[in-house]
Amino acid sequence: QVHLVESGGGSVQAGGSLRLSCTASGASYRGNLMAWFRQAPGKVREGVAAIYTPIGVTYAADSVKGRFTVSRDNAKNTLYLQMNSLKPEDTALYYCAAGDVRGDVRGSWINGYNYAYWGQGTQVTVSS
């Protein structure tokens with residue numbers, strides 16, 4: 001069992017920055033995909049960014065491209081999400097997820113069913 005714990009959420013003003021962290025523990029994770037998702041009140045969960053761990057290729061949703069960056073520190077078993085130029089519409093509960101995908105990663109990373117492990121989430125609130 002892989003256990004994921006997020007941290008780094010908080011309240012910021014529009015234009016500000018936050019860095020989320022997700023630390024994995026428990027059984028050795030053998031999947032090839034780690035990602036961040038978010039869910040705002042009354043909205044469906046959406047994929048934010050992901051990293052294909054074998055080669056470090058990253059993917060991001062159009063709504064956050066150029067503002068958010070996903071990265072991973074293998075030695076620390078930690079996934080990061082650097083969020084810059086935050087907007088009120090970025091307000092959501094942010095989840096870390098770990099999973100596995102075969103085939104077209106670019107078209108699949110955003111689908112939640114590819115992820116077997118999920119964290120509890122960390123709240124990000126952006127005020128205008």
Side-chain angles (χ1 to χ4, degrees):
Q1 182 76 11
V2 175
H3 187 52
L4 303 175
V5 178
E6 304 96 336
S7 61
S11 297
V12 296
Q13 290 191 326
S17 298
L18 284 173
R19 188 176 82 155
L20 305 183
S21 299
C22 170
T23 300
S25 62
S28 297
Y29 171 63
R30 300 186 183 277
N32 59 17
L33 201 61
M34 294 194 74
W36 291 96
F37 284 75
R38 68 185 181 185
Q39 187 167 19
K43 295 189 176 181
V44 299
R45 183 181 62 194
E46 63 175 350
V48 177
I51 185 166
Y52 182 62
T53 57
I55 56 176
V57 174
T58 61
Y59 306 88
D62 289 342
S63 58
V64 305
K65 279 181 181 177
R67 301 188 298 121
F68 292 11
T69 303
V70 61
S71 62
R72 186 184 184 204
D73 186 329
N74 292 331
K76 296 182 178 180
N77 281 335
T78 300
L79 182 73
Y80 300 101
L81 183 68
Q82 178 65 45
M83 305 186 294
N84 299 326
S85 302
L86 283 160
K87 304 175 180 180
E89 51 264 43
D90 295 319
T91 295
L93 188 62
Y94 283 71
Y95 297 92
C96 171
D100 199 63
V101 67
R102 294 291 178 261
D104 178 22
V105 180
R106 181 178 298 277
S108 302
W109 72 266
I110 207 164
N111 295 316
Y113 58 72
N114 287 312
Y115 301 87
Y117 303 103
W118 294 81
Q120 293 299 307
T122 185
Q123 178 67 38
V124 172
T125 302
V126 185
S127 58
S128 58

Can you confirm whether Thr91 sits close enough to Gln123 that some side-chain heavy atom of one is under 4.5 Å from a side-chain heavy atom of the other? yes

Looking only at heavy atoms, the pair that brings Pro88 and Ala14 closest together is CD-CB, 4.1 Å

Check whether any side-chain heavy atom of Val57 lies under 4.5 Å from a side-chain heavy atom of Val105, and answer yes or no. no

Taking every heavy atom of Gln120 against every heavy atom of Leu93, the minimum-distance pair comes out as O-CD2, 4.3 Å

Inter-residue atom distance Ser71.OG - Met34.CE, 0.5 Å rounding: 11.0 Å

Would you check if the side chain of Asp100 reaches a backbone N or O of Asn32 as a donor-acceptor pair within less than 3.5 Å? yes

Are side-chain heavy atoms of Tyr115 and Val101 found at a separation under 4.5 Å? no

Side-chain contact, heavy-atom cut-off 4.5 Å: Val48 with Met83? no

Kindly say whether the aromatic ring centers of Phe37 and Trp118 come within a distance under 6.0 Å. yes

If only atom types and distance count, is the side chain of Asp90 paired as donor or acceptor with the main-chain N or O of Val126 below 3.5 Å? no

Find out if a path of hydrophobic residues (ILVMFWY) with successive side-chain heavy-atom gaps under 4.5 Å connects Tyr95 to Ile110. yes

Run the salt-bridge test on Lys65 and Asp62 with the 4.0 Å N-O cut-off and return the result as yes or no. yes

Can you see which heavy atom on Val2 is nearest to which on Ala24, and at what distance? CG1-CB, 4.4 Å

With heavy-atom distances below 4.5 Å as the criterion, would you say the side chains of Glu46 and Arg38 are in contact? yes

Smallest heavy-atom separation, Ser17 atom then Asn84 atom, equals OG-OD1, 2.9 Å

Atom pair OG/CG of Ser21 and Leu79 - distance to nearest 0.5 Å: 8.5 Å

Relative to the ring of Tyr59, is the ring of Trp109 parallel (under 30°), tilted (30 to 60°) or perpendicular (over 60°)? parallel

Backbone N/O of Cys96 and side chain of Glu6: donor-acceptor pair under 3.5 Å: yes

If you look at every heavy atom in Leu86 and Leu18, which pair is closest and at what distance? CD1-N, 3.9 Å

